[in-house]
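Chain letters run A, B, ... following the sequence lines, proteins first, then strands; residues in each count from 1. Keep in mind the model is a prediction, meaning the values are calculated, not measured.
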Amino acid sequence: MALRFFNSLTRSKELFQPLVPGQAGLYTCGPTVYNYAHIGNFRTFVFEDLLRRALTFRGYRVTQVMNFTDVDDKTIRGSQAAGESLEVFTARYKQAFFEDLDTLRVQRAEVYPAATEHVGEMVELIRRLRERGHTYEDAGSVYFRLSTFPGYGRLANLNPEQMRSSGRVDNDEYEKEDVRDFALWKAWIPEDGPVFWETELGKGRPGWHIECSAMSMKYLGEQFDIHTGGVDNRFPHHENEIAQSCCATGGPFAGTWLHSEFLLVEGKKMSKSLGNFYTLRDLLEKGLDPVAIRYTLLSVHYRAQLNFSFEGIEASAQAVRRLRDLNGRLGRSPAGPGSGDKVWQLTAACETDFTEALDDDLNLAGALGHLFTWVREVNALLDSGSPDAGELERLQAWLNRVDSLLDVLREEQDESAEGRVAELVAQRAAAKQSRDFPAADRLRLEIESLGWVVKDTPQGPVFHRR
RNA sequence: GGCGGCGUAGCCAAGUGGUAAGGCAGAGCUCUGCAAAAGCUCGACCACCAGUUCAAAUCUGGUCGCCGCCUCCA
């Protein structure tokens, strides 16, 4: 068995076969840095985090590239509204984005190229397209002539002939021969203010799609393994990327395309008018545990819509608690006489089932089902006190390996509170020792009022945040 | 008009031909000074209808409901 992915390009599950055995080149469409990213964005970024961790879990060496779109209509408008240069404006949101990634424990990609730093590469790519006859110019802008790429529409499963102009088209200030054509290079207009580049194509700025083609090729090669993004990028963004990339190189582009579904909030598509639009920061302000948010985002298959709800966060927090409790238990359990082959058997079965589910297009929800079955069985074994030192190690090792995917076990340290709580816990232990139970109970209440829980174990009291 | 997805217990969610994983919530029991944690026990005729089949949540057709895409929104 090995990793299989549902490839949007072929709409079927395919065995993952990288260009270079043992290595995986990954291009993940990144944020447009004009605002704090919202929870829907993070659904996709956490999915991509799972993807890279799953590849690593399965032994691949991953090279992930995630772009920053730091020049487009929204960033230009935003910077003007803020009275800042584009650079200053976008730098703030890039910084915030990294902070948010840390909050959600998303592993860093190898490269985060910014569009503004790759205009040269884009111009070069457009030049290649022009040489091959795929472009035309009008009023200083350069467009991709769609009719020169017969494969157009394959990814989105759209037939260009049947594509309907959906009213939204065409309040565009640029002139195109065909509404479906898209801009590779946009001539400067007064609204762009100081944002422009003087290039052999003239004074202007790159179109949106070209940046991903140029930067993916630069860092991953003209052909690479996996390209991902949210479903909304499937069309037109990714479709256009394919068109311009294939036409520029004359060869194939990304082999596998993965798209994560939308996240709904309380059953509705997020929108500011519905009042259900949340940035990660909004949710943290409401007191949500970032690890519970991460777990929630991980626990629904990436191709299914995820309904984000506050009730769901609570359920996730409890599930994480269960894993952490087992983790703590493994750490403090004394070695027993040995379980026969039970530990080995349970764990091997879990490894097989878990990995198989993960291999099947990242079915983490299914994998977690197997994991929790194992958790229950392990707890029962620990209740009986039988696992010996080697077995405890084996259990711990597997839990750690799973956590290399989930990354939920580690608890944030809070030293000041912890010192205080530790003191109360010690006092309570002393009270118990002298059988002063009313005092012990009072101390428990005090500890709980600070947001912590204390529990007595055969190895002494342990405590953790509520 | 074209293309596509979804509907499984109170909530979340696997399973895609052989008599329904798992998590959360709830109830009881064991354990516990009390708790907590843990373990055990308790819950579904898989939207509806009709077919195919020895056998369907899983395949086919239809109905109802919800959702997405068809130019710049992850």
* Asked: What is the nucleic acid contact for A:Arg11, judged by heavy atoms within less than 4.0 Å: base, sugar-phosphate only, or nothing?
  -> nothing
* With a 4.0 Å cut-off on heavy atoms, is A:Gly40 in touch with a base, just the backbone sugar-phosphate, or nothing at all? -> base
* Across the strands shown, which category fits A:Phe262 at heavy-atom distances under 4.0 angstrom: base, sugar-phosphate, nothing? -> base
* To do: For A:Thr373, answer base if it contacts any base atom (sugar-phosphate contacts may also be present), sugar-phosphate if it contacts only those atoms, and nothing otherwise; contact means non-hydrogen atoms under 4.0 Å.
  => sugar-phosphate
* To do: Please find out if less than 6.0 Å separates the ring center of A:Trp374 from that of A:Phe354.
  => no
* Any luck finding a side-chain donor-acceptor pair between A:Thr279 and A:Asp282 under 3.5 Å? -> yes
* Asked: Is the number of heavy atoms from other residues, nucleotides or ligands under 6.0 Å of A:Lys94 NZ greater than 12?
  -> yes
* Report the nucleotide, chosen from B:G68, B:A36, B:A74, that has the shortest atom-to-atom distance to any side-chain atom of A:Gln305. => B:G68
* Structure fact -> Atom CG of A:Leu155 and atom P of B:G68 are separated, to the nearest Å, by 20 Å
* If you look at every strand shown and take non-hydrogen atoms under 4.0 Å, does A:Gly369 touch a base, only sugar-phosphate, or nothing? -> base
* Test log, rule side-chain contact (heavy atoms from CB on, under 4.5 Å), inputs A:Arg322 and A:Asp325 -> CA-CA 5 Å; A:Arg322 185 163 163 78; A:Asp325 280 341; 5.8 Å; no
* Could you measure between the two P atoms, the one in B:A44 and the one in B:G39, and give it in whole Å? => 22 Å
* Looking at A:His38 versus A:Phe277, is the centre-to-centre ring distance below 6.0 Å? -> yes
* Asked: Got a sec, which residues hit side chain to side chain contact (heavy atoms under 4.5 Å, CB included) with A:Phe310, two or more places apart in sequence or on another chain?
  -> A:Glu266, A:Tyr278, A:Leu283, A:Lys286, A:Leu288
Is there any protein nitrogen or oxygen under 3.5 Å from a nitrogen or oxygen in nucleotides 14-20 of chain B, and what are the pairs?
residue	atom	partner	partner atom	Å
B:A14	OP1	A:His301	N	3.4
B:A14	O3'	A:Asn363	ND2	2.9
B:G15	OP1	A:Asn363	ND2	2.9

* When you get a sec, tell me which of B:G39, B:C70, B:A37 is the closest nucleotide to the side chain of A:Leu158? => B:C70
* Say whether A:Asp70 and A:Tyr93, considering side chains only, have a donor N or O and an acceptor N or O under 3.5 Å apart. => no
* Determine the interatomic distance between C1' on B:G5 and the same-named atom on B:G10; round to the nearest Å. => 26 Å
* Candidate pair A:Val402 and A:Leu406, rule side-chain contact (heavy atoms from CB on, under 4.5 Å), full reasoning -> CA-CA 6 Å; A:Val402 168; A:Leu406 302 179; 3.6 Å; yes
* Asked: How far does the P atom of B:U63 sit from the matching atom of B:C72, given to the nearest Å?
  -> 32 Å
* **Identified stems (criterion: three or more consecutive Watson-Crick or G-U pairs, under 3.5 Å), RNA chain B** => B:1-7 with B:64-70, B:10-12 with B:22-24, B:26-30 with B:38-42, B:47-51 with B:59-63
* To do: Let me know the distance between CZ of A:Phe308 and P of B:C67, rounded to the nearest Å.
  => 21 Å
* Structure fact -> A:Arg466 atom CZ is separated from B:A37 atom C1', nearest whole Å, by 14 Å
* Asked: Below 6.0 angstrom between ring centroids: does that apply to A:Phe144 and A:Tyr136?
  -> no
* **A:Thr256 and A:Glu14: CA distance, side-chain angles, deciding distance, side-chain hydrogen bond (donor to acceptor under 3.5 Å, both in side chains) verdict** => CA-CA 9 Å; A:Thr256 302; A:Glu14 297 170 352; 4.6 Å; no
* P spacing across the pair B:G51 / B:U19, given as an integer number of angstrom -> 24 Å
* What is the distance, rounded to the nearest whole Å, between atom CD of A:Glu239 and atom P of B:C3? -> 16 Å
* Report yes if at least one side-chain N or O of A:Arg321 is closer than 4.0 Å to OP1 or OP2 of B:A37; otherwise report no. => no
* Is A:Leu263 touching bases, backbone alone, or none of the nucleic acid, heavy atoms closer than 4.0 Å? -> base
* To do: Might you point out which heavy atoms bring A:Leu129 and A:Gln244 nearest each other, and give the distance in Å?
  => CD2-O, 3.3 Å
* Asked: Roughly how many Å is it from NE2 in A:His259 to P in B:C67, rounded to a whole number?
  -> 23 Å
* Sticking with atom C1', work out how far B:C3 lies from B:G26, rounded to a whole angstrom. => 44 Å
* Asked: Roughly how far apart, to the nearest Å, are B:G17 and B:A57 at atom C1'?
  -> 10 Å
Close N or O pairs between protein and nucleotides 30-34 of chain B (under 3.5 Å):
residue	atom	partner	partner atom	Å
B:G33	O6	A:Arg428	NH2	3.3
B:G33	N1	A:Asp441	OD1	3.0
B:G33	N2	A:Asp441	OD1	3.1
B:G33	N2	A:Asp441	OD2	2.5
B:C34	O2	A:Asp441	OD1	3.4
B:C34	N3	A:Arg444	NH2	3.0
B:C34	N4	A:Asp456	OD2	2.8

* List in chain and number order the residues that pass side chain to side chain contact (heavy atoms under 4.5 Å, CB included) with A:Glu448, two or more places apart in sequence or in another chain; answer none if no residue qualifies. => A:Arg444, A:Leu445
* **RNA chain B: 5'-proximal contact among A:Val454 and A:Arg43 (nearest heavy atom)** => A:Val454
* Is any side-chain N or O of A:Asn379 closer than 4.0 Å to OP1 or OP2 of B:A38? -> no
* **Atom pair distance, as rounded to whole Å: CG in A:Leu381 and P in B:C40** => 11 Å
* To do: Using distance alone, with no hydrogens and no angle criterion, decide if A:Asp72 and A:Thr75 have a side-chain donor and acceptor under 3.5 Å apart.
  => yes
* Could you state the CG-C1' distance from A:Asn307 to B:C6, rounded to the nearest angstrom? -> 13 Å
* **For A:Pro113 against A:His118, the heavy-atom pair lying closest together** => CB-CE1, 3.4 Å
* Summarise how protein sits on nucleotides 24-29 of chain B as a single string, 5' to 3': B when a protein heavy atom is under 4.0 Å from the base, S for sugar-phosphate-only contact, - for no contact. => SS----
* Does A:Lys74 put a side-chain nitrogen or oxygen below 4.0 Å from OP1 or OP2 of B:C73? -> yes
* For A:Phe6, is the NZ or CZ atom of A:Arg303 found under 6.0 angstrom from the centre of its six-membered ring and inside 45 degrees of the ring axis? -> yes
* Taking atom types as modelled, find out whether A:Arg52 and A:Gln64 have a side-chain donor-acceptor pair closer than 3.5 angstrom. => yes
* Whole-angstrom distance between B:A35 and B:G28, as gauged at atom P -> 13 Å
* For nucleotides B:A25 and B:C67, find the distance between their C1' atoms and express it as a whole number of Å. => 27 Å
* Taking atom P of B:G68 as reference, at what distance in whole Å does atom CG of A:Asn157 sit? -> 19 Å
* Nearest to the side chain of A:Asp232, which nucleotide is it out of B:C67, B:A74, B:G39? -> B:A74
* Asked: Of the non-hydrogen atoms in A:Trp452 and A:Arg465, which two are nearest, and what is the gap between them?
  -> CE3-N, 3.4 Å
